[in-house]
Amino acid sequence: MPRGSNYVVTNYSKDPAIGYNFLLRVEGIYDVPCRKISPIRKDNEYEIIKEGGVNDYVHLKRKQIQQPFTFEVERYVGLDYLDPLPNGAEMILPIILFVGSGYGNILTNTRRTYIFTGCVVMGKEYGELNAEHSGLLIEKTKIAYETMYTLDGIMGDMSLLSSIF
């Protein structure tokens with residue numbers, strides 16, 4: 001065995017996920033075409049506790065969350081007859097983001113799956129209309145969520161998803 005090998009798990013990292021092959025599924029039936037999904041934010045807040053006599057470090061204790069976890073979805077306007085993400089909507093089913101590996105069907109070659117539960121559409125912003133430049137009209141939708149699960153390469157076994165929900 002080569003020096004420095006992991007004896008427990010072999011991880012060669014030869015097929016990383018790519019950032020341009022993704023699909024957003026809303027309410028279990030809408031496959032929403034997206035231009036971009038902005039950073040998925042899940043920041044925890046911490047209280048810093050300074051202990052008397054200890055100068056090398058501080059203690060961190062997790063605080064109660066003050067702001068919702070969010071992400072933004074950018075879409076082109078006019079793709080759907082019905083808006084799958086209307087402003088103020090509270091989603092019943094989780095929003096699922098599939099990230100593909102770059103080849104084949106995204107649902108059969110998913111590298112990572114993000115599952116967002118407790119989603120609420122917080123707001124919408126529409127892109128600039130400018131008569132001097134050509135371009136497509138863009139809609140940004142801000143979505144808040146309660147919990148997020150990340151799963152790697154599980155779409156071949158849908159029973160795992162059904163066991164979570």
Side-chain angles (χ1 to χ4, degrees), residues 9 11 13-48 60-130 135-165:
V9 177
N11 184 3
S13 300
K14 292 183 178 181
D15 191 18
I18 55 175
Y20 62 83
N21 189 11
F22 56 91
L23 172 72
L24 190 70
R25 181 164 288 166
V26 177
E27 292 293 356
I29 58 171
Y30 299 110
D31 287 341
V32 180
C34 301
R35 174 181 180 249
K36 179 170 125 178
I37 296 186
S38 293
I40 300 167
R41 307 268 335 182
K42 186 168 176 147
D43 295 331
N44 294 324
E45 297 178 26
Y46 293 90
E47 179 181 357
I48 298 174
L60 295 175
K61 298 293 179 188
R62 190 167 171 199
K63 291 182 2 182
Q64 189 175 19
I65 300 299
Q66 301 296 319
Q67 297 292 323
F69 303 132
T70 61
F71 66 97
E72 277 189 2
V73 175
E74 287 186 22
R75 308 178 56 228
Y76 295 114
V77 173
L79 295 177
D80 304 314
Y81 292 114
L82 295 173
D83 186 3
L85 297 167
N87 199 6
E90 296 180 14
M91 302 296 156
I92 297 169
L93 296 176
I95 292 178
I96 302 173
L97 173 62
F98 302 104
V99 179
S101 60
Y103 54 89
N105 184 348
I106 191 167
L107 295 178
T108 58
N109 293 314
T110 299
R111 294 293 297 154
R112 173 162 277 188
T113 304
Y114 296 93
I115 302 170
F116 303 96
T117 61
C119 295
V120 176
V121 178
M122 293 181 65
K124 289 190 176 260
E125 176 183 332
Y126 295 94
E128 178 182 14
L129 299 171
N130 188 343
L136 299 172
L137 183 58
I138 296 171
E139 165 188 279
K140 289 183 185 177
T141 305
K142 186 174 183 179
I143 300 173
Y145 63 93
E146 292 175 2
T147 58
M148 175 183 70
Y149 303 98
T150 58
L151 303 169
D152 288 324
I154 59 113
M155 287 313 297
D157 184 12
M158 289 301 288
S159 63
L160 182 59
L161 275 180
S162 63
S163 68
I164 293 174
F165 304 104

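Note that this is a predicted model, so its numbers are computed, not measured.
Atom NZ of Lys42 is separated from atom CD1 of Ile65 by 8.0 Å, given to the nearest 0.5 angstrom. We find the CD1-CG distance between Ile96 and Leu151 to be 9.5 Å, quoted to the nearest 0.5 Å. The distance from atom NZ of Lys63 to atom CD of Glu47, rounded to the nearest 0.5 Å, is 6.5 Å. Rounding to the nearest 0.5 Å places CD of Glu125 at 10.0 Å from OG1 of Thr141. Between the NZ atom of Lys142 and the OG1 atom of Thr70 there is a distance of 5.0 Å, given to the nearest 0.5 Å.
Under the 4.5 Å side-chain criterion, counting only non-hydrogen atoms from C-beta, Met91 is not in contact with Tyr145. Using a 4.5 Å heavy-atom threshold, the side chains of Tyr76 and Pro33 count as separate. Residues Val32 and Ile95 have side chains not in contact (no heavy-atom distance under 4.5 Å, counting atoms from C-beta outward). Within the 4.5 Å cutoff, side-chain heavy atoms of Ile40 are placed close to those of Leu97.
Test Met122, Lys140, Arg41 against Glu72 for side chain to side chain contact (heavy atoms under 4.5 Å, CB included) and you get one pass: Lys140. In summary, of the residues considered (Thr110, Asp31, Val99), a side chain to side chain contact (heavy atoms under 4.5 Å, CB included) with Leu23 occurs for Asp31 alone.
Considering every non-hydrogen atom in both Phe22 and Arg35, the closest pair reads CZ-O, 4.0 Å. Shortest non-hydrogen contact noted between Ile143 and Cys119 is CG2-CB, 4.0 Å. Heavy-atom minimum distance, Val26 versus Pro84: CG1-O, 3.6 Å. Considering all non-hydrogen atoms of both residues, Val121 and Pro86 come closest at CB-O, 3.3 Å. Of all non-hydrogen atoms in Glu45 and Gln67, the two that sit nearest each other are OE2-N, 3.9 Å. A pairwise comparison of heavy atoms in Cys34 and Val73 identifies SG-CG1, 3.5 Å as the closest pair.
Of the charged side-chain nitrogens involved, at least one lies within less than 4.0 Å of a carboxylate oxygen, so that Glu139 and Arg75 count as a salt-bridged pair.
Counting heavy-atom neighbours within 6.0 Å of Lys124 NZ, excluding the residue itself, gives a total above 12. Heavy-atom contacts from other residues, nucleotides or ligands closer than 6.0 Å to NZ of Lys36 number 12 or fewer. Crowding of Glu90 atom CD: a count of heavy atoms from other residues, nucleotides or ligands under 6.0 Å not exceeding 12. Taking a 6.0 Å sphere around OH of Tyr30, one finds it holds 12 or fewer heavy atoms contributed by other residues, nucleotides or ligands.
Checked against the 6.0 Å centroid criterion, the rings of Phe116 and Phe71 qualify as a close aromatic pair.
Side chain of Glu74 to main chain of Ser38: no donor-acceptor pair is present (N/O by atom type, distance under 3.5 Å, no hydrogens or angles).
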